[in-house]
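Below is one structure; the comments refer to it alone.
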Amino acid sequence: MNKAVVLTLKVLGGLLAAIILLLAVAFAAFHTDAVQRRLVQKATDVLSDYLQTTVHIEKANVSFIGQGVSLSGVEIEDRQHRKMFQMEELGVHLSLFRLLHHELEVTDAKVKGMEARLYEPASDSDSVANYQFVIDAFKSKKAPKDTLSADTVQKKKMAVNIHTVMLERIKVSYNDTTHAELGSLRYKKDKDGYQRAELRDLTSTFVQKLKKGPVDTRLCIGILYADEKEDKRQLTIENLCYTTDNHLPRKNAKKPKRGAFDVGHLDVVAQMHIDLDSIGKDTLIATISKGKVTDQGSGLAINNLQLKVNANKRTAHLSDIAIKMANTTLDIASADVLLPNKKEGRSLEYSTSQIRGRVLLKDIARPFAPVLSRFSIPLTLQTRMSGNDNAMYFRDVFVGTTDKKLSIRATGRIANLKDKYKLNVHFDVHNMTALQGSKERIINQFPVKKFLMKQLHALGRIDYQGHFDVLWKKEQFAGRLRTMVGNVNFQFALDELNKYVFGTVRTDSFELGKAMDMPDLGKIACKADFKFDISKPRTARMRQQKGGKLPIGRISAEVAEAKYKKVKVRNLFAELESDGAVATGNITVKGKRMDVLCGFSFTNTNEMRKTKIKPGIKFHKMSEEDKASRDERKQQKKQAREERKALKAEARAERQAIKEAEKAVKAEEKAVRKAAKAEEKAARKAAKAEAKAARKAAKEAENSASTTE
């Protein structure tokens, strides 16, 4: 081999070895602590100058061999020299080869112990948020659109590909009123591009500023699993919790009849599984299954929730909805929701297909109505529901017992949901039928004192049509009852503010004796007004004084007609008053100079046959009212006689005129008949003369013929 070539190769080899040696020394020097410290100092100086604040990095490690960057002890102050950002550890491993091809590929990223404290002044303040300077510093300076070429725009785009991320112990506070903490987040993308994530211990606390005052709110997620495999995406959420505290007594505090559900004291725990069938920028198709929601404060519990969601920015279509509680199941084939949007001026609206279910009311007793705690009769339910953010409407409502002894058909609405003082629940009951025994069974489900149960049983089958309203501190009922002993129209109200129940009852024919187990009483037609005291403190004081178990109140009635034994009376007035121990009453049949009186009393509604009756008669002078009534009746009789006399005279004159007219008609008819007869006679006479002349002429002609022969 040529010596020159060998020499050249030796020189090149020596240079290459020197370069490799220099690079090795440079890499070794670059990875020394001294160089790394100088890099950290330089980076903190540049970043501090750029942000115009204090930036501190305790330690940094940049490795070209491992293609990674790690930082520890990072601190950034805001412009008021408050610690705004702290991070214990940051580690990022990326591909430098991919970066040269304008692609950011992060093979591994790790963040531990990060804490951010953010402050933002009130909207009417001139100051800015403490983090605004960071946003301004890194805000991109965009050139005008007309100066950007297609190549420039293309260069600005960088593909991002992240394989593994781990976050641990992340804390963010906002204005010292909103706090968020993350225990850990692990994200991984496998070689096939499928993603998987696991989130643990995410907690957010904040204050809701409502009209009634601030409400401390806490939202947390115990565990969230996200898994992607082929075309399926799944989410599993465990220990999702939502709590509120308005720092006021619970609404049912010292009010045992009120339900425990209170939006100011929620303690909701939920879990569910979600299959994401399709997810886009503005669309979502998902299936929720294995949903379980419990409000631990009120006892409201949904043991299983299932539904399908197809939603976009404007609407959401729900289908195959199934809700199951301890003893209650509800199924809804579909529901449509118009989602609210303040910018577009759009409010919430919704409607459902027919809701079907089997309901046990004691399932909602503790949260909403403790009075239903013993209601164990299963009911079937059907309805259609629609509404908006301030009202709910119910159509085709059907409620009935499984044995079909009770059935109710109705329509209704709940209006003014946003203002409890104007809240109005109104239902029109088109038909309610309660067969014998069902009404007693229903009443026995309630832990209340039972009055007049024997009398209620005597009514037999009951049919009802009417309506009712539930207002703030007041309930109103009206309608018509059809029973086996007669029909009754009624209207009454429960005044829960003053604790009274009052109303009016009317009937045209009611067999009171059968209803009250008093055979001597017959049918009755009357109108009655009543008022009863339902205040427990007032009734308790009265019964402590007098004892007894009767209701406390009064009834006044006007009886148009009634029958007692074989006596039928009209215009009867009755009054009944009870002090809780003894009920006393008076019946008066008013006459002109004599009133028939009847006083009675009883102590037990179930023993009406033992009622004590004291008849009486009261004589009196004719009252001025009776006198005026008598004079009025006389005047009416006199006026009636004169009217009858005038009517008779008018009738006689009319009959006479009719007779004269008939006479004139008869005379005219007679004259016509006479003229007709005379004309007929003249005609017959002329006809005879004409016939005679003809015969004479014929005879003369015959004679002339004979003479000629």
Please find the pair of heavy atoms, one from A260 and one from G297, that lie closest to each other, and give the distance.
CB-O, 4.2 Å

Just by distance, with hydrogens left out, do T243 and D267 show a side-chain donor and acceptor under 3.5 Å apart?
no

For the residue pair T178 / N175, report whether a side-chain donor-acceptor contact shorter than 3.5 Å exists.
no

Approximate separation, where rounding is to 0.5 Å, of K313 NZ and N341 CG:
8.0 Å

Ignoring hydrogens and geometry, is there a side-chain-to-backbone donor-acceptor pair from N239 to G222 under 3.5 Å?
no

Any V429 side-chain heavy atom under 4.5 Å of Q465 side chain
no

Assess, by modelled atom type and distance only, whether the side chains of S351 and D336 contain a donor and an acceptor separated by less than 3.5 Å.
no

Minimum-distance pair of heavy atoms, taken over all atoms of P378 and R358
CB-NH2, 3.4 Å

I would like to know whether R196 and E198 meet salt bridge (Lys or Arg N to Asp or Glu O under 4.0 Å); could you show each step before the answer?
CA-CA 7 Å; R196 182 175 298 170; E198 177 185 314; over 6 Å; no

Y131/F133 aromatic ring centres below 6.0 Å:
no

Just do the side-chain hydrogen bond (donor to acceptor under 3.5 Å, both in side chains) check on T217 and Q208 with the steps written out, would you?
CA-CA 7 Å; T217 307; Q208 298 184 70; 2.7 Å; yes

Within the structure provided, determine whether M114 and L167 are in side-chain contact (heavy-atom separation under 4.5 Å).
no

Salt bridge check, R169 against E88: does any charged N sit closer than 4.0 Å to a carboxylate O?
yes

Out of curiosity, R395 CZ to Y393 OH, how far, rounded to the nearest 0.5 Å?
12.0 Å

Spacing of OH belonging to Y119 relative to CG belonging to D78, to within rounding of 0.5 Å:
8.0 Å

Can you label the angle between the F530 ring and the F492 ring as parallel, tilted or perpendicular, going by 30° and 60°?
tilted

Check step by step if side chain to side chain contact (heavy atoms under 4.5 Å, CB included) holds for I221 and I237.
CA-CA 7 Å; I221 298 176; I237 302 174; 4.1 Å; yes

Report the relative orientation of the aromatic rings in F427 and F468; use parallel for angles under 30°, tilted for 30 to 60°, perpendicular for over 60°.
parallel

Whether E228 and R233 form a salt bridge (side-chain N of Lys/Arg under 4.0 Å from carboxylate O of Asp/Glu) is what I want to check.
yes

Under 4.0 Å between a side-chain nitrogen and a carboxylate oxygen: does that hold for D331 and R356?
no

Between the side chains of N424 and N416, is a donor N or O closer than 3.5 angstrom to an acceptor N or O?
no

Counting only heavy atoms not in R117, do more than 12 sit closer than 6.0 Å to its CZ atom?
yes

Less than 4.0 angstrom from a charged side-chain N to a carboxylate O is my criterion; do K292 and E238 meet it?
no

In terms of side-chain heavy atoms, does D428 have a donor or acceptor partner in H426 at a distance below 3.5 Å?
yes

OG1 of T53 to CD of E75, rounded to nearest 0.5 Å, is 11.5 Å

Are R250 and D262 ion-paired here, with the side-chain N under 4.0 Å from a carboxylate O?
no

For I442 and F375, which heavy atoms make the closest approach, and how far apart are they?
CD1-CZ, 3.8 Å

Whether over 12 other heavy atoms sit under 6.0 Å from Q296 CD:
yes

Polar contact flag, side-chain donor to acceptor under 3.5 angstrom, R480-N489:
yes

When you compare the side chains of N310 and H317, does any donor N or O come within less than 3.5 Å of an acceptor on the partner?
no

For L182 and R200 the tightest heavy-atom approach is CD1-O, 3.7 Å

Indicate whether any N or O donor in one side chain lies under 3.5 Å from an N or O acceptor in the other, for D495 and N498.
yes

Side chain to side chain contact (heavy atoms under 4.5 Å, CB included), that's the test. Do R314 and E344 meet it? Break it down for me.
CA-CA 10 Å; R314 181 179 176 84; E344 298 179 8; 4.1 Å; yes

To the nearest 0.5 Å, how far apart are CG in D533 and NZ in K536?
13.0 Å

Starting from the C-alpha separation in whole Å, work towards a yes-or-no answer on side chain to side chain contact (heavy atoms under 4.5 Å, CB included) for K418 and D389.
CA-CA 8 Å; K418 296 181 179 180; D389 56 357; 3.4 Å; yes

How close do P370 and P256 get, counting heavy atoms only, and between which atoms?
CG-O, 3.3 Å

Once rounded to the nearest 0.5 Å, what's the spacing between atom CZ of R541 and atom CZ of R538?
7.5 Å

Report the C-alpha separation of Y464 and F477 in whole Å, then their side-chain angles, then the decisive distance to 0.1 Å, and conclude whether the ring pair (Phe, Tyr, Trp, His ring centres under 6.0 Å) test is met.
CA-CA 11 Å; Y464 165 68; F477 302 84; 8.7 Å; no

Please determine, by modelled atom types, if H273 and T236 share a side-chain donor-acceptor pair under 3.5 angstrom.
yes

Given side chains that start at C-beta, do those of K251 and R258 come closer than 4.5 Å, heavy atoms only?
yes

Test item: side-chain donor near acceptor, T244 and H265, under 3.5 Å:
no

Where do C220 and T203 come nearest, in terms of heavy atoms and distance?
CB-OG1, 3.8 Å

Given Q354 and Q382, is the side chain to side chain contact (heavy atoms under 4.5 Å, CB included) satisfied, shown in steps?
CA-CA 7 Å; Q354 192 172 61; Q382 294 181 21; 3.4 Å; yes

